[in-house]
There are 2 protein chains.
Amino acid sequence: MITIKDVARAAGVSVSTVSHVLSGRRPISEPTRLRVLEAIERLGYRPNRLAQGLVSKSSRSLGLLVPDLANPFFGSMAEAMEIAAHDRGYSVILCNTNLDSRREADYLSMLLSRQVDGLLYFPGTRVPNRALLEAVAAGVPVVVVDERIDNLPGVFVDNFDGGRQLGRLLAQLGHRSLLFIGGPEGLPTVTDRLNGLRAGLAEGGGAPANLLLRFGEYRASHGYETIHICAREGVFAAVGEERPTAVVAANDMIALGALRALRELQLQVPRDCSLTGFDGVEFTAMITPSLTTVQQPSTRVATAAVELLLQRIEAGENHRDRAGQQQPHDDQAEVAPVIPHVVLPVTLVVRESVAPPPPQR
Amino acid sequence: MITIKDVARAAGVSVSTVSHVLSGRRPISEPTRLRVLEAIERLGYRPNRLAQGLVSKSSRSLGLLVPDLANPFFGSMAEAMEIAAHDRGYSVILCNTNLDSRREADYLSMLLSRQVDGLLYFPGTRVPNRALLEAVAAGVPVVVVDERIDNLPGVFVDNFDGGRQLGRLLAQLGHRSLLFIGGPEGLPTVTDRLNGLRAGLAEGGGAPANLLLRFGEYRASHGYETIHICAREGVFAAVGEERPTAVVAANDMIALGALRALRELQLQVPRDCSLTGFDGVEFTAMITPSLTTVQQPSTRVATAAVELLLQRIEAGENHRDRAGQQQPHDDQAEVAPVIPHVVLPVTLVVRESVAPPPPQR
DNA sequence: TATCGAAATCAAAACGTTTTGATTACCAGG
DNA sequence: CCTGGTAATCAAAACGTTTTGATTTCGATA
């Protein structure tokens with residue numbers, strides 16, 4: 001391996017001179033500079049970031065904790081975040097939590113060992129993980145993505161509004177009886193979307209709607225099985241107000257599975273039953289029938305999350321400089337630290353999968 | 001930050017003793033060991049992997065270069081690889097090449113700076129990137145995934161066989177005129193699948209088939225646009241032998257786009273036109289009609305790739321130990337280094353999207 | 001009781017950087 | 001001709017580990 005020492009020797013200067021050429025922190029005479037640059041080029045020198053990190057106390061890397069990369073929603077989010085981070089000179093360490101909080105704890109410990117400068121965290125599992133809170137307490141900047149967690153900074157979309165737009169649409173079409181297939185019960189995204197849905201239904205239609213609730217994982221299989229289970233329970237055999245005329249899935253994957261199951265039950269979407277998703281991943285435009293869904297600006301969410309995280313990281317670095325001065329205690333500025341929550345707007349995308357309910361039999 | 005020095009002080013021993021307790025490389029008396037362990041626990045000590053990497057000359061991390069995480073095929077591959085790597089104690093640095101070879105070069109240089117122990121590389125773009133070959137030349141172990149590159153170790157599936165199975169199936173159903181919508185022209189996966197398709201068609205049917213070829217990106221939009229372009233060119237208006245009765249897409253995303261476009265043209269799949277994909281990602285089972293495709297054992301591919309890479313990394317480490325001894329030159333063992341290519345089998349999954357061709361008008 | 005070896009521990013060097021106080025060389029001003 | 005200041009460079013310390021040769025302690029053997 002070619003080190004800075006080799007370059008220094010080749011250029012006939014000291015190690016610190018080479019470093020200064022590279023960083024530009026001290027003036028270097030032009031001839032020396034050129035000699036050093038030439039040596040670097042000739043030897044193919046590449047600074048060792050481990051060593052740099054050791055002295056600078058920053059690895060210039062971020063930990064990305066994501067529950068399920070096979071889900072294209074997380075895939076495109078991860079992609080956009082990595083790109084944003086790379087643009088700002090940071091690398092991303094990928095961690096697949098798979099909804100397992102033991103794994104999460106494991107990864108967190110590893111990431112701290114690796115001196116990551118910050119964490120991009122997709123919950124996916126219920127509420128804040130213990131290990132995550134410890135990391136936060138230890139002073140590692142964290143930005144929570146996609147979910148809202150009250151006392152942690154986060155970037156997410158207006159899930160309530162998305163739900164509300166869906167509710168209004170369905171109510172206006174005349175739907176009075178719906179099946180809501182949620183993700184994990186209690187997750188903010190799920191709850192917000194559901195509450196929004198309720199609000200939208202109330203706004204859009206006269207009579208209060210009949211709303212059947214199911215919860216489970218954010219996966220196609222959950223949508224698929226839920227429909228079949230409901231069918232076995234006679235939900236779709238009911239008549240009148242009881243029978244759901246629309247299925248609202250808490251995300252696109254669930255909707256995809258539900259669509260399949262509905263078809264297996266000989267229920268045509270949207271003729272016999274409307275269907276909606278949430279997230280607006282690419283395939284929703286491609287399937288048949290194309291899916292009515294709420295589109296997230298995923299790239300904007302991703303870049304906003306990275307921006308917010310880097311902002312906090314840089315703020316933290318300044319803060320750390322002052323850390324030595326034993327409590328400045330500026331009485332004036334004794335404000336509670338404000339936890340930023342960036343909320344981005346969503347867009348309702350109306351496609352083939354919704355229609356007025358079938359005439360009552 | 002708590003360092004090993006703090007632990008040593010707290011336990012009343014030297015730094016090296018703490019290190020030995022942690023690594024177990026030298027015997028430590030039981031009472032001392034316990035005292036050290038207790039101090040570690042009490043202080044919440046966490047070894048700094050940057051420092052460890054600096055002395056051990058290994059970061060215990062792998063670079064993962066992937067073209068497009070929004071594609072669920074790459075998403076699940078990336079997920080499986082990261083998990084396999086994590087299980088073996090390695091972290092994964094995520095790099096989104098986006099089919100851009102300048103980006104690739106950029107990432108490669110960053111990864112080398114970060115002292116990654118090896119690279120997991122999905123080409124996606126044409127043939128070996130210059131920067132990649134330099135990295136290989138510099139001695140970084142690389143495993144190419146998904147594509148076959150002749151003189152680099154790789155893990156991929158039997159694309160030819162997959163194509164052949166599709167060809168046989170379609171020929172046996174009676175298809176004589178097909179449209180093949182490929183990925184990037186010249187990519188081994190594309191070529192192998194196409195050649196297999198030809199072989200399968202020859203085996204399965206009597207008369208030689210009419211085969212129309214199109215190439216482009218591995219994306220839904222490419223499938224979608226190709227169908228529409230073909231339609232404008234009158235391809236689907238033709239009669240008799242000319243008109244394709246089946247569309248063979250080089251992967252599932254292309255098939256998804258093609259399906260959409262066919263439907264927009266009022267061509268029903270499979271009644272008017274059969275359709276097949278390749279890869280076997282989850283959604284192929286869920287869409288309507290469900291897609292006939294060739295299933296890759298993605299998890300096996302992913303873990304095999306990680307295994308192979310780690311194997312090479314460890315071999316390289318042994319090799320490096322001997323590197324000092326100026327050319328052992330053991331005449332006996334003067335064999336050309338064998339480039340391993342792990343080829344895994346695929347499975348044809350026949351679903352609703354294929355049927356015999358419609359009766360000729 | 002002197003000697004040896006093994007077990008346990010320590011001290012110091014090394015890994016590749018950045019940072020910073022010290023040194024040198026040079027030139028302008030008095 | 002001395003003084004002072006500045007520009008350019010160097011040397012050494014520091015970052016947090018691991019590794020290894022040296023030292024100490026101790027019990028067993030001669």
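In the text below, chain A, chain B and the rest are named by the order of the sequence lines, each starting its count at 1. When reading the values below, keep in mind they use all heavy atoms of this one structure, side chains included, and skip hydrogens, waters and symmetry mates.
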NE2 of B/His20 versus P of C/dT9: gap in Å, rounded? 11 Å

Among the nucleotides D/dG16, D/dT9, C/dT17, which one has an atom lying closest to any side-chain atom of B/Asn48? D/dG16

Looking only at side-chain N and O atoms, does A/Thr32 come under 4.0 Å of OP1 or OP2 in D/dT9? yes

Between A/Val15 and A/Arg26, which residue's closest nucleotide on DNA chain C lies nearer the 5′ terminus? A/Val15

By the 4.0 Å heavy-atom rule, please label B/Ser23 as base, sugar-phosphate, or nothing. nothing

I want to verify a distance call: between C/dA12, D/dA11, C/dT9, whose nearest atom is closest to the A/Ser16 side chain? D/dA11

Hey, does A/Arg25 reach any base, or is it just sugar-phosphate, or nothing, if we go heavy atoms under 4.0 Å? sugar-phosphate

Check: A/Tyr107 and B/His86 side chains under 4.5 Å, non-hydrogen atoms: yes

Quickly work out the A/Ile28 CD1 to D/dA8 C1' distance and round it to whole Å. 7 Å

Within the structure, does a side-chain N or O atom of A/Thr3 lie under 4.0 Å from either OP1 or OP2 of C/dG16? no

Does B/Lys57 place a side-chain N or O at less than 4.0 Å from the phosphate oxygens OP1/OP2 of C/dG16? yes

More than 12 heavy atoms from other groups under 6.0 Å of CD on B/Glu41: no

Atom-pair distance (OH on A/Tyr45; C1' on C/dT18), nearest Å: 10 Å

May I ask you to verify if any side-chain N or O of B/Ser14 is less than 4.0 angstrom from the OP1 or OP2 atom of C/dT9? no

Counting C-beta onward and ignoring hydrogens, is there a side-chain heavy-atom pair between A/Ser61 and A/Arg114 closer than 4.5 Å? no

Can you measure A/Arg114 atom CZ to D/dC15 atom P for me and round it to whole angstrom units? 23 Å

If the threshold is 4.0 Å, N to carboxylate O, is there a salt bridge linking A/Asp106 and A/Arg103? no

Indicate, with a heavy-atom threshold strictly under 4.0 Å, whether A/Ser19 touches base, sugar-phosphate, or nothing. base

Are A/Glu38 and A/Arg35 close enough for a salt bridge, meaning some N to O gap below 4.0 Å? no

Hey, does B/Arg33 reach any base, or is it just sugar-phosphate, or nothing, if we go heavy atoms under 4.0 Å? nothing

A/Gln52 vs B/Ser29, nearer the 5' end of DNA chain C by closest nucleotide: B/Ser29

